[in-house]
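Both backbone and side-chain heavy atoms feed into the values below; hydrogens, waters and symmetry mates do not.
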Amino acid sequence: MTASPSASRDMASSRIFETLKQDLIRGRFVAGEKLAISALKDHYQVGLSPLREALNRLAAYGLLEQVNQRGFRVPAMHLEELDDIAGLRAQLECMALTQAFQAGDSEWESQVLAAHHRLRRADEHPERVEEWEQAHLRFHRALLASCGSHWLLRFIEQLHDQFDRYRRLAPPNPAVRKALDRQHGELVELALSRDIAAARALLDDHIRLSHSVARGCCASSAPDEGT
């Protein structure tokens, strides 16, 4: 059965939303850059209507800013915003972690172990950056999945995406990557033993380690406040 025009448009809008979202997070566009809709339409091979729907959704999500009701630009990046995002991530993810540990069952444990296994396999190929990024995202999702709050997970995912805009600007740092990977394994052990206090402290350290790396990169690339 052929999809209706509205269904096809919705599918195209969802596809371009996800593709553009990932490109914005990966830093394909420069912070502050005004997006040329005609260029986006050609690059992504998408119609104007689904493209505008996707751009409006991304503006509502916080990954774009609307300019004069019609245009769009990439949000600027500021240290204060990064600090705020990291602080909120720590609070909300530790809350979700507590609830996940309390509600998690054997199926949740299996999902966490499987996600960690895939992350470790991705660690074996550091040159495949995007493969590791996706495995890393799935691991953190699995860790919090049984928290029981759909809205809490939605807020966390939005903060995670905003945080990654900053983090992905940082150059590769094997020492930090090794420390983060070690913490992933420790989080799994704490999940299996349901050690909530230790896991919360470790997750807080985990987020703040990434925050310190992203902050250093953001500080070095930020314009002089006096200019």
Side-chain angles (χ1 to χ4, degrees), residues 18-35 39-40 43-44 58 61-65 72-93 115-144 156-188 201-227:
E18 289 298 332
T19 303
L20 252 174
K21 175 182 164 184
Q22 291 305 315
D23 282 348
L24 287 162
I25 292 170
R26 292 170 188 149
R28 181 179 184 275
F29 303 98
V30 178
E33 178 181 353
K34 192 171 186 296
L35 301 184
L40 293 176
H43 178 79
Y44 293 104
L58 286 163
Y61 192 72
L63 287 174
L64 285 177
E65 292 177 346
F72 298 87
R73 71 175 167 220
V74 182
M77 303 176 85
H78 303 285
L79 286 172
E80 295 80 3
E81 180 183 63
L82 173 60
D83 294 344
D84 190 27
I85 292 167
L88 286 170
R89 271 197 65 194
Q91 291 181 49
L92 295 186
E93 290 187 37
H116 184 240
H117 174 71
R118 288 189 287 269
L119 180 56
R120 289 182 63 188
R121 293 294 297 270
D123 285 335
E124 297 172 4
H125 303 282
E127 73 282 1
R128 301 177 188 173
V129 176
E130 196 52 39
E131 181 179 326
W132 183 89
E133 290 287 354
Q134 293 305 311
H136 180 244
L137 176 61
R138 286 192 289 268
F139 170 75
H140 279 277
R141 281 177 175 170
L143 194 64
L144 307 179
I156 287 171
E157 180 136 352
Q158 187 171 2
L159 287 168
H160 194 281
D161 287 342
Q162 292 289 348
F163 183 85
D164 270 6
R165 284 187 67 222
Y166 291 85
R167 181 182 62 81
R168 291 206 187 195
L169 290 175
N173 188 321
V176 171
R177 171 80 167 264
K178 186 175 181 180
L180 292 171
D181 289 339
R182 183 180 66 252
Q183 290 177 336
H184 292 140
E186 293 170 357
L187 283 167
V188 173
L202 180 58
L203 182 59
D204 186 82
D205 286 344
H206 188 72
I207 293 170
R208 295 190 186 284
L209 177 56
S210 289
H211 174 217
S212 67
V213 174
R215 201 177 198 283
C217 181
C218 184
S220 64
S221 61
D224 187 345
E225 295 294 338
T227 62

- Message: Please find the pair of heavy atoms, one from Ala115 and one from Ala142, that lie closest to each other, and give the distance.
- Response: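 Minimum heavy-atom contact is CB-CB, 3.9 Å.
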- Determine the minimum heavy-atom distance between His206 and His136, stating which atoms define it. NE2-NE2, 4.1 Å
Spatial distance of atom [atom1] ([X]) from atom [atom2] ([Y]) [nearest 0.5 Å]:
| X | Y | atom1 | atom2 | value |
| --- | --- | --- | --- | --- |
| Asp204 | Leu209 | CG | CG | 11.5 Å |
| Arg165 | Met77 | CZ | CE | 4.5 Å |
| Phe72 | Lys34 | CZ | NZ | 9.5 Å |
| Leu20 | Tyr44 | CG | OH | 4.5 Å |
| Asp123 | Glu131 | CG | CD | 10.0 Å |
| Leu24 | Arg168 | CG | CZ | 11.5 Å |

Indicate yes or no: at least one non-hydrogen side-chain atom of [X] is less than 4.5 angstrom from one of [Y].
| X | Y | value |
| --- | --- | --- |
| Leu82 | Gln162 | no |
| Val213 | Arg167 | no |
| Val30 | Val74 | no |
| Phe163 | His211 | yes |
| Phe29 | Leu40 | yes |
| Ile85 | Glu81 | yes |
| Glu93 | Leu143 | no |
| Ile156 | His140 | no |

With sequence neighbours excluded, what pairs up with [X] under the side chain to side chain donor-acceptor pair (under 3.5 Å) test?
| X | value |
| --- | --- |
| Glu157 | Arg141 |
| His43 | Arg28 |
| Arg118 | none |

- Partner set under side-chain contact (heavy atoms from CB on, under 4.5 Å) for Gln158, not counting sequence neighbours: Tyr61
- Applying side-chain contact (heavy atoms from CB on, under 4.5 Å), name anything that partners Glu186, two or more places apart in sequence or on another chain.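 Result, side-chain contact (heavy atoms from CB on, under 4.5 Å) vs Glu186: Arg182, Gln183, Leu202.
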- Determine, for Arg177 against Asp181, whether the closest basic-nitrogen to carboxylate-oxygen distance falls under 4.0 angstrom.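 Salt bridge: yes.
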- Message: Between the side chains of Asp23 and Arg26, is the shortest nitrogen-to-carboxylate-oxygen separation below 4.0 Å, so that they form an ion pair?
- Response: yes
- With sequence neighbours excluded, tell me which residues meet salt bridge (Lys or Arg N to Asp or Glu O under 4.0 Å) with Glu124. Arg121
- Message: Pair Gln134, Glu130 - check side-chain hydrogen bond (donor to acceptor under 3.5 Å, both in side chains), show working.
- Response: CA-CA 6 Å; Gln134 293 305 311; Glu130 196 52 39; 2.9 Å; yes
- Message: Can you confirm whether more than 12 heavy atoms, excluding those of Arg138, are under 6.0 Å from its CZ atom?
- Response: yes
